[in-house]
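A short write-up of the structure that comes next.
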Amino acid sequence: MHSDAGRSVDGEDAQAKVGAGGGLRALGGTEVRVSPLGLGCWQFSQGRNAVGRFWPDIDQGTVERIVEASLEEGMNWFDTAELYGAGASEEALSKALRAAGRSPGEVVIATKWSPLLRRAGHIKRSAAERARHLAPFPIDLHQIHQHIPLSSVRRQMDAMADLLEAGTIRGIGVSNFGERHMREAHAALARRGIPLASNQVRYNLLDRRIERNGVLDAARELGITIIAYSPLAQGHLSGKFHDDAALLQRMGAARRRMRGLGPKSLERSAPIISELGEIAGRHGRTRAQVALNWLAHSRPGSVVAIPGARDVEQARENARASSFRLTGEEVARLDEVSA
Ligand SMILES: NC(=O)c1ccc[n+]([C@@H]2O[C@H](COP(=O)([O-])OP(=O)(O)OC[C@H]3O[C@@H](n4cnc5c(N)ncnc54)[C@H](OP(=O)(O)O)[C@@H]3O)[C@@H](O)[C@H]2O)c1
């Protein structure tokens with residue numbers, strides 16, 4: 001599977017596919033087709049709830065420039081959620097897509113139902129709310145945000161399957177599901193002849209747990225796409241905190257804690273950042289682009305990634321991370337140094 005510069009490591013023809021989008025891929029066994037990189041939209045929450053306050057506010061003008069740049073660079077899909085500002089991110093995204101002149105059907109939208117303190121019976125009502133916030137864009141992929149068993153996985157999947165059969169959504173995914181619950185979700189949908197499209201999990205060069213805990217192998221076996229969130233480890237893999245540790249001081253404590261960012265973790269990740277820098281230098285790219293490329297173009301099975309962006313420069317840089325190919329040796333070196 002791995003290869004030299006002529007052929008890409010994920011089997012796509014390096015010469016034919018190095019457009020910005022890098023070629024569209026099916027989400028699991030569904031007809032939903034996405035670019036290897038999509039835009040994460042948690043950053044558009046506008047501080048409207050506790051989850052949304054994690055990121056600094058981004059004004060609507062900036063959201064629109066981020067979305068437009070991502071589309072221009074070949075991304076065709078966007079990941080949002082009910083939890084991201086209780087609809088604020090979904091609304092900001094819809095507005096930005098309209099400002100960019102996009103119509104329903106021209107982009108792919110993934111959102112999520114939050115199971116916090118709720119049962120499966122809530123999924124249908126929430127989907128109608130999601131559709132209102134996203135209007136006129138329909139929900140393409142609907143995901144269960146995390147595994148909270150107030151209702152069984154089977155009940156949750158049945159509620160999602162009802163939405164799919166009613167034509168409200170085109171694909172069903174889960175998020176933060178371990179191997180056992182992902183298999184359960186897959187089996188529950190299989191009873192109704194529906195594929196489980198995806199499992200959205202944290203996956204990056206600093207966190208490769210899914211390669212060891214059975215999630216990646218089971219996803220490959222069952223034909224489920226892994227959607228890698230926090231693909232830059234929330235900025236850590238760009239190397240900017242290694243370049244300028246003072247950046248950490250300007251960041252809120254919650255972000256520092258969640259990123260696990262401090263002198264010790266920076267020291268631990270230094271060899272990875274240094275390797276990313278060497279490879280980036282050879283390709284005339286940035287460390288962030290190499291980190292994203294490793295995820296979306298060198299992992300076994302079907303892996304796509306959804307970097308978030310604070311401004312248009314980050315958005316462009318990230319979206320362009322699909323337009324080159326790492327060599328087999330470079331992938332092996334990154335695998336080794338991050339193992
Ligand atoms: N399902 C889940 O439970 C779950 C959990 C987390 C995230 N997600 C999804 O995944 C998406 C991405 O994850 P994430 O936001 O946690 O992490 P991420 O994509 O790894 O990091 C995004 C942050 O990194 C910084 N950044 C982005 N591009 C950069 C670049 N090229 N150079 C330097 N810094 C850069 C920006 O923050 P600063 O510039 O402010 O440092 C940006 O807000 C989210 O938007 C969301 O859609 C899902």
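All ligand and atom numbering here is 1-based and tracks the order in the structure.
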Side chains of [X] and [Y] only: does a donor on one sit below 3.5 Å from an acceptor on the other?
| X | Y | result |
| --- | --- | --- |
| Ser89 | Thr80 | yes |
| Ser126 | Glu82 | yes |
| Tyr84 | Gln43 | no |

With nothing but distance in play, are any N or O atoms of [X] less than 3.5 Å from an N or O of ligand 1?
| X | answer |
| --- | --- |
| Lys112 | no |
| Pro307 | no |
| Trp55 | no |

For ligand 1, does [X] get within less than 4.0 Å through its side chain, its backbone, both, or neither, judged by non-hydrogen atoms?
| X | value |
| --- | --- |
| Ala233 | backbone |
| Asn318 | side chain |
| Asn176 | side chain |

Atom indices of ligand 1 within 4.0 angstrom of [X] heavy atoms, with elements:
| X | result |
| --- | --- |
| Gly40 | 11 (C), 44 (C), 45 (O), 47 (O) |
| Asp79 | 9 (C), 46 (C), 47 (O) |
| Ser175 | 1 (N), 2 (C) |
| Cys41 | 45 (O), 47 (O) |
| Ile306 | 9 (C), 10 (O), 11 (C), 12 (C) |
| Gln200 | 1 (N), 2 (C), 4 (C), 8 (N), 9 (C), 48 (C) |
| Ala288 | 31 (N) |
| Gly235 | 21 (O), 24 (O), 25 (C) |

Please determine if Arg65 and Asp311 form a salt bridge, counting it only when a charged side-chain N lies under 4.0 Å from a carboxylate O.
-> no
Salt-bridge criterion met for Glu330 and Arg325 (N-O under 4.0 Å) = no
My understanding is that we take every heavy atom of each candidate and find the minimum distance to [atom]. Doing that for [options], which one comes out nearest?
| atom | options | value |
| --- | --- | --- |
| atom 7 (C) of ligand 1 | Tyr229, Phe78, Phe241 | Tyr229 |
| atom 41 (O) of ligand 1 | Arg320, Lys240, Glu317 | Lys240 |
| atom 19 (O) of ligand 1 | Gly308, Ala228, Ala321 | Gly308 |

Hey, what else clusters with Val34 if you join Ile, Leu, Val, Met, Phe, Trp, Tyr whenever side-chain heavy atoms sit under 4.5 Å?
-> Leu27, Val32, Trp77, Val108, Leu141, Ile227, Tyr229, Val304, Ile306
Within a reach of under 6.0 Å around CZ of Arg180, are more than 12 heavy atoms found that belong to other residues, nucleotides or ligands?
-> no
When rounded to the nearest 0.5 Å, the distance separating OG of Ser94 from CZ of Phe78 is 11.5 Å
Gap separating the OG atom of Ser152 from the CD atom of Glu184, nearest 0.5 angstrom = 8.0 Å
Angle class for the His122/Trp113 ring planes (parallel below 30°, perpendicular above 60°, tilted otherwise)?
-> tilted
Sorted by chain and number, sequence neighbours left out, side-chain hydrogen bond (donor to acceptor under 3.5 Å, both in side chains) with Gln46 holds for none
